[in-house]
Colleague: 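Below is a structure I'd like to ask you about.
Excluded from the calculations below are hydrogen atoms, water molecules and symmetry mates; all remaining heavy atoms, backbone and side chain alike, are included. The structure presented is a predicted model; accordingly, all values stated were derived computationally and were not measured. Throughout, residue positions are numbered sequentially from 1 according to the sequence presented.
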Amino acid sequence: LLAATVTSDADLNYVKLYIPSQGEATAPQRIDINRAEPWLLEALPGIGEVRAQDIVDYRSEHGSFRHIDELCYVKGIGTITLDKIRDYITVSE
């Protein structure tokens with residue numbers, strides 16, 4: 001049994017919680033590149049502080065990503081980096 005709490009300053013508009021049924025396999029959590037703060041993007045393989053900020057800056061200038069492949073438009077992110085993080089990211093609408 002796991003326990004979770006929400007802090008008083010949490011923005012519940014960005015919280016999504018899925019509790020699988022007993023015996024149900026769970027998929028790994030993915031980082032939404034359209035909403036993630038730089039500190040969370042830094043957790044991705046090959047994405048450091050500078051690249052995380054580049055993602056946020058690109059998003060601010062060009063709008064939301066429609067597909068994860070659009071990350072290649074961000075300075076310093078190529079297909080090799082994208083392939084490393086593909087299974088860890090998602091895009092929201």
Side-chain angles (χ1 to χ4, degrees):
L1 183 63
L2 299 174
T5 62
V6 177
T7 60
S8 61
D9 62 340
D11 184 349
L12 298 180
N13 292 316
Y14 294 102
V15 174
K16 225 191 255 190
L17 181 62
Y18 174 76
I19 302 172
S21 302
Q22 187 172 8
E24 179 182 358
T26 59
Q29 294 288 326
R30 293 179 184 235
I31 295 173
D32 183 346
I33 60 173
N34 283 331
R35 295 198 173 137
E37 297 292 329
W39 63 267
L40 184 55
L41 293 168
E42 289 177 39
L44 295 166
I47 304 295
E49 184 178 340
V50 171
R51 204 62 58 230
Q53 189 60 52
D54 288 342
I55 293 170
V56 172
D57 291 345
Y58 184 91
R59 188 174 70 199
S60 295
E61 292 173 24
H62 301 279
S64 296
F65 294 95
R66 292 178 305 219
H67 192 273
I68 60 174
D69 291 334
E70 292 177 0
L71 265 181
C72 286
Y73 299 146
V74 176
K75 179 183 77 174
I77 298 180
T79 56
I80 293 172
T81 301
L82 180 60
D83 287 342
K84 287 180 187 176
I85 64 175
R86 184 178 298 278
D87 292 336
Y88 304 108
I89 60 175
T90 188
V91 292
S92 62
E93 296 180 9

Colleague: Enumerate the residue pairs fulfilling ring-ring contact (aromatic ring centres under 6.0 Å, His included) with a member in residues 31-56, sequence neighbours excluded, ordered by first and then second residue.
Modeller: none

Colleague: Do Val91 and Arg66 come within less than 4.5 Å of each other through their side chains, counting heavy atoms only?
Modeller: no

Colleague: Answer yes or no: is there a donor N or O on one side and an acceptor on the other, between the side chain of Asn34 and the main chain of Ser92, under 3.5 Å?
Modeller: yes

Colleague: Could you pull out all residues at least two apart from Phe65 that satisfy ring pair (Phe, Tyr, Trp, His ring centres under 6.0 Å)?
Modeller: Tyr58

Colleague: In Å, rounded to the nearest 0.5 Å, how long is the span from CG of Leu71 to CD1 of Ile85?
Modeller: 5.0 Å

Colleague: Quick check for you: to the nearest 0.5 Å, what is the distance between Leu82 atom CG and Glu70 atom CD?
Modeller: 11.0 Å

Colleague: Is there a chain of hydrophobic side chains (I, L, V, M, F, W, Y, each step under 4.5 Å between heavy atoms) that links Val50 to Tyr73?
Modeller: no

Colleague: Among pairs that include at least one residue of residues 41-53, which meet salt bridge (Lys or Arg N to Asp or Glu O under 4.0 Å), considering only residues two or more places apart or in two chains?
Modeller: Arg51-Asp54

Colleague: Where do Ala52 and Pro38 come nearest, in terms of heavy atoms and distance?
Modeller: CB-O, 3.4 Å

Colleague: Apply side chain to side chain donor-acceptor pair (under 3.5 Å) to Gln53 and list each qualifying residue two or more places apart in sequence or on a separate chain.
Modeller: Asp57

Colleague: Would you compute the distance between atom CD1 of Ile68 and atom CD1 of Ile31 and round it to the nearest 0.5 angstrom?
Modeller: 12.5 Å

Colleague: Taking atom CD1 of Ile47 and atom CD1 of Ile33, what is their separation to the nearest 0.5 Å?
Modeller: 9.5 Å

Colleague: Among residues at least two apart in sequence or on other chains, which ones pass side chain to side chain donor-acceptor pair (under 3.5 Å) with Thr90?
Modeller: none

Colleague: Could you note down all residue pairs passing salt bridge (Lys or Arg N to Asp or Glu O under 4.0 Å) where residues 73-84 supplies at least one of them, sequence neighbours left out?
Modeller: Asp83-Arg86

Colleague: List the atom of Gly46, the atom of Thr81, and the distance in Å for their closest heavy-atom pair.
Modeller: O-CG2, 4.4 Å

Colleague: Return the minimal non-hydrogen interatomic distance between Arg35 and Arg59, and the atom names on each side.
Modeller: N-NH1, 3.5 Å

